[in-house]
There are 2 protein chains.
Amino acid sequence: MKSIHPLPDPGGLPIASVERETGLSKDTLRVWERRYGFPTPTRDANGERVYAPDQVRRLAQIKRLLDRGHRPGKLLALDDAALAALDQVLGASPASPADAQLECWLERVRNHDTEALQRLFFQELARRGLSAFVQDIFAPLIVRVGEAWSRNEIGIFEEHLFSQHMERLLRTALANMTPTGGTPRVLLTTLSGEEHHLGLLMVEALLVTEGAEPILLGPQTPIEEIVRAAQLKHADVVCLSFSSAFAPTQAAKALRELRTALPSQRQLWAGGAGVKGIRKPLEGVSLVPEFQELFDCLAAWHQQA
Amino acid sequence: MKSIHPLPDPGGLPIASVERETGLSKDTLRVWERRYGFPTPTRDANGERVYAPDQVRRLAQIKRLLDRGHRPGKLLALDDAALAALDQVLGASPASPADAQLECWLERVRNHDTEALQRLFFQELARRGLSAFVQDIFAPLIVRVGEAWSRNEIGIFEEHLFSQHMERLLRTALANMTPTGGTPRVLLTTLSGEEHHLGLLMVEALLVTEGAEPILLGPQTPIEEIVRAAQLKHADVVCLSFSSAFAPTQAAKALRELRTALPSQRQLWAGGAGVKGIRKPLEGVSLVPEFQELFDCLAAWHQQA
DNA sequence: ATTTCATATTTGTCTAGGACAAACTCTTGA
DNA sequence: TCAAGAGTTTGTCCTAGACAAATATGAAAT
């Protein structure tokens with residue numbers, strides 16, 4: 001019974017922690033080491049791998065690029081500079097008007113200035129409305145914060161404080177809306193193993209503004225229970241959220257399983273960065289990598305009904 | 001990238017799915033098979049394990065009993081009947097005056113009647129006030145729901161729906177209070193490995209009603225980040241929450257470590273069912289197994305200041 | 001009768017390569 | 001421009017041994 005968090009004495013992490021932090025399985029971590037010579041964990045007195053924090057961050061960075069479609073063979077051969085360059089390519093993408101604004105938010109996150117964040121939140125919410133706020137500010141901001149963390153620009157504490165504060169604000173905004181009786185009824189949850197739940201809140205916000213009725217189930221529901229919940233709550237649609245940490249092949253597998261277990265008249269939608277890695281379309285499953293497609297799905301549902 | 005013959009047979013599951021559904025790691029599943037002769041998966045054309053749905057259900061049941069404190073060696077030797085019997089055992093709780101009322105709430109949870117729960121919530125909140133509501137209704141109710149789940153009286157779905165709904169209601173109630181500027185400033189979080197976060201919300205509610213200023217950091221913060229957060233946010237107190245699922249020895253170890261890493265002028269409080277198993281008092285750490293003690297701690301702080 | 005310590009058992013996670021099918025890339029031919 | 005085939009890359013699964021942390025057991029001491 002090895003302890004789960006072998007208190008990082010020298011600041012190195014054991015393989016289980018690295019799996020949790022990066023979303024790369026233990027098997028993958030070991031096989032990369034064997035094949036590509038990276039990462040290069042040291043060993044503790046017991047012969048077990050100990051990963052340096054720098055390498056963990058690098059693994060997280062590689063994982064992000066992997067999710068964007070790059071291949072391991074290429075990425076693992078690159079050095080820090082080339083990796084950072086690739087990271088910037090997409091990050092600095094279109095110097096969009098909102099870009100400077102996001103940087104402004106990010107600065108507040110870095111300084112853990114919760115009061116300023118709160119002010120910005122209500123200001124932008126009033127200006128844009130909930131739906132546009134979530135799409136233009138909130139979602140990109142979460143991505144940026146994740147990137148900033150993997151680049152070591154902010155710590156776990158800043159990331160947690162940001163998430164917690166944003167969750168509170170978003171829930172406050174949602175509390176004032178009355179979502180009863182709309183259609184379609186959408187069951188919202190994540191699969192076991194997926195911990196990120198801010199995505200669910202964002203989807204809930206969009207659904208509410210579109211007049212649908214979300215049924216928020218919280219994260220980590222086993223497939224069998226999702227099926228039962230959909231039936232008992234008379235859901236028209238089951239919508240799952242996948243973060244980029246969720247392995248696309250696992251996601252596809254689980255979706256296929258769920259699709260066969262679910263009565264065919266209930267639709268199945270899958271959203272989040274985690275579905276971008278699914279290339280082949282799955283029969284009877286609507287993939288919703290971007291929020292925009294969510295509106296298409298809603299429209300299609302209404303037309304069908 | 002092994003795929004998993006997704007559903008060739010009517011319902012055998014590959015090991016990865018069983019891991020996801022039961023929460024037992026692949027390693028554990030394999031070593032149980034080796035040691036105890038259970039489970040007994042068949043093999044597909046490819047030599048890979050295929051688990052029968054019945055066995056998966058049984059594994060989930062075993063996992064529940066495991067979390068309740070039973071040991072694998074015993075459980076895996078039992079047959080279906082004995083296992084079911086163990087599931088029922090925990091039954092009779094002491095009949096307290098509020099007992100009938102809690103039973104009434106519980107009935108609503110069983111029927112996933114969210115509207116009735118919402119009505120009850122606001123009714124009781126208005127009658128008792130936030131602080132008494134949390135202590136007399138909310139906290140005991142969470143315990144009951146957990147028990148009901150482990151007795152298999154309710155499913156994961158009902159438990160999730162309840163948690164999610166209660167979290168929303170509690171946050172709504174908290175949103176209307178203005179917690180700025182109070183003392184002491186209390187940093188609220190859980191350690192890595194501890195997922196239950198409703199306890200944090202409850203503590204937040206109590207602190208707010210007492211005029212203190214909670215700083216909610218969300219769950220799963222590593223120790224070094226807690227130290228940094230306490231410093232940067234000028235927290236007077238660091239308060240951690242431990243659910244009963246958290247091993248007491250781990251908790252004690254982590255608390256000792258945190259205590260030495262934290263400047264001595266910052267107090268350290270540890271609350272929740274998980275600290276009840278800590279026998280020895282820890283120097284410089286206030287153990288707060290019940291909410292009542294939280295008020296004592298607050299009073300002591302004010303006196304000292 | 002309870003606490004404390006030392007010893008024995010139980011139990012989950014780690015290790016090592018080898019193997020293989022699915023996913024992906026690249027070529028070839030219409 | 002697309003389709004089919006051949007070749008490469010890549011993640012997950014396999015076996016079986018090892019070991020430390022967690023827990024149980026028994027003996028000695030308060």
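Below, chains carry the letters A, B, ... as their sequence lines are ordered, and counting in each starts from 1. Quantities reported herein were computed from a predicted structural model and do not represent experimental measurements.
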Could you tabulate the donor-acceptor pairs under 3.5 Å formed by side-chain atoms of residues 74-86 of chain B, not counting sequence neighbours?
{"unit_1": "D79(B)", "atom_1": "OD1", "unit_2": "A82(B)", "atom_2": "N", "d": "3.1"}
{"unit_1": "D80(B)", "atom_1": "OD1", "unit_2": "R58(B)", "atom_2": "NE", "d": "3.2"}

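- Residues E257(B) and K253(B) are not paired through a salt bridge, judged by the lack of any N-O separation under 4.0 Å between the basic side chain and the carboxylate.
- Atom NE2 of H70(B) is separated from atom C1' of dG12(C) by 19 Å (rounded to the nearest Å).
- In this structure, CG of L29(A) is placed 15 Å from C1' of dT13(C), rounded to the nearest angstrom.
- Defining each end axis of the helix from dA1(C)-dT30(D) to dA30(C)-dT1(D) as the rotation carrying four pairs' C1' atoms onto the next four, with five pairs an end, the two axes are found to diverge by 40° to 10 degrees.
- Between the NZ atom of K253(A) and the P atom of dT12(D) there is a distance of 8 Å, rounded to whole Å.
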Please report, to 0.1 Å, the donor-acceptor pairs under 3.5 Å made by any side chain of residues 27-35 of chain B, with sequence neighbours excluded.
{"unit_1": "T28(B)", "atom_1": "OG1", "unit_2": "S25(B)", "atom_2": "OG", "d": "3.0"}
{"unit_1": "E33(B)", "atom_1": "OE1", "unit_2": "R49(B)", "atom_2": "NE", "d": "2.7"}

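- To the nearest angstrom, P of dG12(C) lies 6 Å from CG of L66(B).
- Atom CG of D44(A) is separated from atom C1' of dC19(D) by 11 Å (rounded to the nearest Å).
- Shown for residues 30-40 of chain B: residues whose heavy atoms fall under 4.0 angstrom of DNA chain C, namely V31(B), W32(B), R35(B), Y36(B).
- Of the side-chain N and O atoms in K26(A), one or more sit less than 4.0 angstrom from OP1 or OP2 of dC14(C).
- Summarising the geometry, the separation between CZ on F246(A) and P on dT12(D) is reported as 11 Å, rounded to the nearest angstrom.
- Judged by distance alone, the side chains of Q267(A) and S286(A) never bring a donor and an acceptor atom under 3.5 Å apart.
- The existence of a salt bridge linking K276(A) and E290(A) is confirmed by a sub-4.0 Å separation between a basic side-chain nitrogen and an acidic carboxylate oxygen.
- With dC14(C), dA24(D), dG11(D) as the choices, the nucleotide that has an atom nearest any side-chain atom of R71(B) turns out to be dA24(D).
- Put simply, S25(B) has a side-chain N or O that comes within less than 4.0 Å of OP1 or OP2 on dT13(C).
- If you measure from atom CG of D27(B) to atom P of dG17(D), you get 15 Å, rounded to the nearest angstrom.
- Partners of N152(A) according to the side-chain contact (heavy atoms from CB on, under 4.5 Å) rule, which considers only residues two or more places apart in sequence or in another chain, are R57(A).
- Applying the 4.0 Å criterion to OP1 and OP2 of dC19(D), one finds that N46(A) has every side-chain N and O outside that range.
- With sequence neighbours excluded, no residue forms a salt bridge (Lys or Arg N to Asp or Glu O under 4.0 Å) with R259(A).
- Among the nucleotides dC13(D), dT12(D), dC14(C), the one closest to any side-chain atom of T249(A) is dT12(D).
- Side-chain atoms of V288(B) and V203(B), non-hydrogen and from C-beta on, never get closer than 4.5 Å to each other.
- For S241(A) and T190(A), the side-chain atoms include no donor-acceptor pair closer than 3.5 Å.
- A donor atom on one side chain and an acceptor atom on the other are found under 3.5 Å apart for E194(A) and S243(A).
- Taking the nucleotide of DNA chain C with the nearest heavy atom to each of K74(A) and G47(A), the more 5' of the two is matched to G47(A).
- We find that CD of E48(B) is positioned 12 Å from P of dT12(D), with the value rounded to whole Å.
- Not one side-chain nitrogen or oxygen of Q250(B) sits closer than 4.0 Å to the OP1 or OP2 atom of dA21(D).
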